[in-house]
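Hydrogens, waters and symmetry mates are skipped; everything else that's a heavy atom, side chains included, is used. Indexing begins at 1, ligand by ligand and atom by atom, following the structure's order. Nothing here was measured: the structure is a model prediction, and the numbers come from that model.
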Amino acid sequence: MDNMSTVSGPIGSALDTIQKVCAEYRILSLARHIDACRDLLTKDPLIDVAIIGQFKAGKSSFLNSIIGKPVLPVGVIPVTTVITRLAYARSEEATVTFLDNRRLRISLDEVELFISEARNPANEKNVELVDIGLPHLQHYEGLRLVDTPGLGSVFRYNTEVSREWLPEVGMAIVAISADRPLSESDLTLIGELTEYTPKVVLLLTKVDLLSPDQQKEVVEFFKKTVKRELNKDFPVLLYSVVSETEIYRRWLDQHLVALSGNHSSEFAGIIRHKIISLARNTLGYLEIALKTSRQGDKDRTALKKLILDEKVNYDLMQSELSLIARENKLQTRTLIASYLDSTHRAALTEKVRTALTGQMPLWKGNLWKLTRKYEEWLADTMTTEMESISKTRYRNFLGTLKKAHAGISRSVMLFRNLLDKNIEKVLGIAPASIEWNVTVTEPGHPDVAFVHPFDFHFDLLWFLFPMCVFRRAFERHFLKLVPRTVEIHLSRLAYQWEVQINKVIDEMKDHALEYVRNELSTIDSLLSNAEPQTHKIRSVIEELEEIVNHSDGMKERKKV
Ligand SMILES: Nc1nc2c(ncn2[C@@H]2O[C@H](COP(=O)(O)OP(=O)(O)OP(=O)(O)O)[C@@H](O)[C@H]2O)c(=O)[nH]1
Ligand SMILES: [Mg+2]
């Protein structure tokens, strides 16, 4: 919050006011939002039209289709890992901006090296963003189409990048795939986006997977659900890169061309929306400061005690959340192991035995060679089987993660309610609290490489056994080893998933605790202001109310 470069005009001074107030009253939660507004006012006045949504919703494919060129990498596994912006330029060009502000001009063919998970895993190349200029985007002049990394995939990094970027959004296109109907996280995302922009459009992608009747049904369902949950109407558009693309593109184009044509007023409208929402949130916090500043020092200390009482305190939350995390983590292994045991052990043992019976007659040579063959075959087979179970069944392993998520969310919500209730009871105001949700991401898949199943190398004595006599006995021996081998592998798989899942549970707990800490520290500093400042706070509140209620006065904006 330290870049106080002032922008003249009503919008700039509204932001200056908010920034000053937040710094003075140590309102930590709004820092990122303020920075994003400041950037919008001081950098290019381009409207960032961002496509945002769950991983694999078809975001990059959609943008490639809109720009009419396969510039962005797409795929069946999570791909996009870096924010990528596409805008009109006189000639084709691409620039990588690194986290240390270094820039690199690259060709369009090289874009993939920087923005795809495969070529730049977890952004190991430290790319902040990639800008692509294309001459044929002239009809979208003033707009910048933004591809964002998918939310909620195993690549947690991608989710964080997109969430961090959200405050910068100009217009949001929320991509929801036709094969994965609206989820709770989509609703949370839409709700969060309305804080940052007045322009949110829902885009149902991959509609070629649905019949026209099904499409209608899904659109109705979207509209009804979003209206019920968020009490607001949003346009729903359809898209497919596979069929009828021209028709869908034309519908979407109408929105984009209108945005580009009315650029000045649309840009001002978006900034106004952001600043009003910032002012509203700041006001919520300031009301608390106002109420307490009317009291004398002694009374203020007493009020603080009443608000931050024994039920609303960090240590209590820490032990409660740690307990929820610990209890669930303890059950992770048992849950996975018993699932694997009851659904996979017998069938897999039988499958491996049958396959081994078919394989062994093909193996030639002495006992030493036979044993090597057996080990190799078993290594390949078990690795493939474990990978396949991991890939297709892992959703059944996530029970404790879901329970921990529910427990932690509930506990944070109760904390929030208690804090709000105390504030209301003691100060007589209902605080406008910042939306906050416990985010959960899928854990990474473990590496399921094979472990040596033997303790004793009886094949070291291979020269003692003439194979023509003993071969069948050894084949029987190998077959007898199968059930134990399967058991060891399943138990190891359970262990590997336990590690991954428990790591995510801990991260979730830490994230929740950070929120609690920030909220308590903001409220604490609002309640602790040394001098009575009623007059000062009141005038700041009036200024903010002016911003919220008379936003029409903020129509001035930077020249394009
Ligand atoms: N049937 C059908 N498949 C599509 C469509 N659009 C995208 N896909 C497929 O969906 C998968 C994901 O596409 P991407 O464009 O990579 O999705 P994304 O949302 O950018 O994914 P991330 O970058 O990982 O978040 C690919 O296999 C695409 O071929 C569509 O309109 N119809
Ligand atoms: Mg993508």
Side-chain angles (χ1 to χ4, degrees), residues 48-86 94 108 111-123 127 129-132 144-166 169 172-183 185-186 189-190 193 201-212 214-215 218-219 236-253 391 439 441-442 444-445:
D48 278 328
V49 179
I51 171 110
I52 307 166
Q54 302 295 304
F55 68 104
K56 300 277 61 70
K59 300 178 291 300
S60 306
S61 307
F62 161 77
L63 279 180
N64 281 340
S65 164
I66 287 288
I67 61 178
K69 214 174 160 72
V71 174
L72 304 165
V74 299
V76 285
I77 53 165
V79 172
T80 311
T81 202
V82 167
I83 300 283
T84 312
R85 307 187 295 196
L86 304 116
L108 285 199
V111 163
E112 188 184 349
L113 301 179
F114 296 92
I115 66 175
S116 78
E117 183 61 50
R119 310 302 292 271
N120 181 15
N123 193 16
V127 178
L129 39 88
V130 171
D131 281 298
I132 297 173
R144 187 161 47 188
L145 305 172
V146 184
D147 192 15
T148 63
L151 304 170
S153 82
V154 294
F155 301 110
R156 243 155 293 155
Y157 176 82
N158 294 350
T159 303
E160 281 158 26
V161 168
S162 290
R163 291 212 153 274
E164 255 303 280
W165 187 84
L166 284 192
V169 70
I173 301 178
V174 181
I176 302 156
S177 173
D179 57 357
R180 259 194 300 187
L182 201 63
S183 67
S185 29
D186 291 323
L189 174 70
I190 299 167
L193 282 165
V201 171
L202 312 190
L203 184 77
L204 182 62
T205 57
K206 310 191 194 179
V207 290
D208 51 282
L209 301 174
L210 303 177
S211 69
Q214 288 171 322
Q215 291 177 8
V218 174
V219 171
V236 181
L237 297 178
L238 308 183
Y239 209 86
S240 165
V241 302
V242 175
S243 61
E244 318 253 21
T245 307
E246 263 320 303
I247 303 174
Y248 300 128
R249 189 187 295 143
R250 239 175 283 142
W251 289 351
L252 197 105
D253 237 26
K391 268 200 196 111
T439 46
T441 46
E442 281 180 12
H445 283 239

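Considering backbone and side-chain N/O of Pro73, none are found under 3.5 Å from N/O of ligand 1. The distance criterion of under 3.5 Å between nitrogen or oxygen atoms is not met by Phe55 with respect to ligand 1. Considering both main-chain and side-chain atoms, Tyr239 never comes within under 3.5 Å of ligand 1 through any nitrogen or oxygen pair. Between Gly58 and ligand 1, at least one N/O pair is under 3.5 Å apart. Ligand 1 has a nitrogen or oxygen under 3.5 angstrom from a nitrogen or oxygen of Lys56. Residue Val74 has no N or O atom closer than 3.5 Å to an N or O atom of ligand 1. Polar contact with ligand 1: present for Gly75 (N/O pair, distance under 3.5 Å). Residue contacts with ligand 1: Gln54 is placed with no nitrogen or oxygen under 3.5 Å of a nitrogen or oxygen of the ligand (distance criterion only).
A donor-acceptor pair under 3.5 Å is formed between the side chain of Arg249 and the backbone N or O of Ser65. Panel note: side chain Thr245, backbone Ser240; a donor-acceptor pair is recorded below 3.5 Å. Not a single donor-acceptor pair under 3.5 Å links the side chain of Asn64 to the backbone N or O of Pro70. At distances below 3.5 Å, at least one donor-acceptor pair connects side-chain atoms of Thr84 with backbone N or O atoms of Val82.
The nearest pair of heavy atoms linking Pro73 to Val79 is O-CG1, 3.5 Å. Nearest heavy atom pair, residue Leu108 against residue Lys69, reads CD1-CE, 4.0 Å. Taking each heavy atom of Ser185 and Gln54 in turn, the nearest pair found is OG-NE2, 3.7 Å. Annotation for Ser60 and Thr80: closest pair OG-OG1, 2.9 Å, computed over non-hydrogen atoms.
Residue contacts with ligand 1 for Thr80 involve both N, CA, C or O and side-chain atoms from C-beta outward (heavy atoms, distance under 4.0 Å).
In this structure, the side chains of Val207 and Gln214 stay at 4.5 Å or more apart for every pair of heavy atoms. Looking at Arg144 and Asp131, their side chains come closer than 4.5 Å, going by heavy atoms from C-beta outward. In this structure, the side chains of Ile83 and Pro149 come closer than 4.5 Å at one or more pairs of heavy atoms.
Protein heavy atom at the shortest distance from atom 18 (P) of ligand 1 is Lys59 N, 3.4 Å. Atom 14 (P) of ligand 1 has as its closest protein heavy atom Ser61 OG, 3.5 Å. The closest protein non-hydrogen atom to atom 10 (O) of ligand 1 is Lys206 NZ, 2.9 Å. Remark: minimum distance from atom 32 (N) of ligand 1 to any protein heavy atom is reached at Asp208 OD1, 2.7 Å.
Ligand-side atoms of ligand 1 in range of Gly150: 25 (O), range being under 4.0 angstrom from any heavy atom. When each atom of ligand 1 is checked for a heavy atom of Ala57 under 4.0 Å away, the hits are 19 (O).
Of the residues listed (Ile51, Leu182, Leu193, Val236), the one engaging Val174 in a side-chain contact (heavy atoms from CB on, under 4.5 Å) is Leu193, and it is the only one. Checked options Leu204, Leu210, Leu209; the residue passing with Lys206 is Leu209 (criterion: side-chain contact (heavy atoms from CB on, under 4.5 Å)).
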Point to revise | Leu166/Leu189 under side chain to side chain contact (heavy atoms under 4.5 Å, CB included): CA gap, chis, key distance, verdict | key: CA-CA 10 Å; Leu166 284 192; Leu189 174 70; 4.0 Å; yes
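Only protein N, O or S atoms were considered, and those under 2.8 Å from the Mg ion (ligand 2) are Ser60 OG, Thr80 OG1.
Under the 30°/60° scheme for interplanar angles, the aromatic rings of Tyr248 and Tyr239 are found to be tilted.
Within the structure, the closest approach of Val79 to ligand 1 falls below 4.0 Å when heavy atoms are considered.
Within a 4.0 Å radius of atom 29 (O) of ligand 1, the protein has no heavy atom.
Of the candidates Leu209, Leu151, Val241, Val241 brings a heavy atom nearest to atom 31 (O) of ligand 1.
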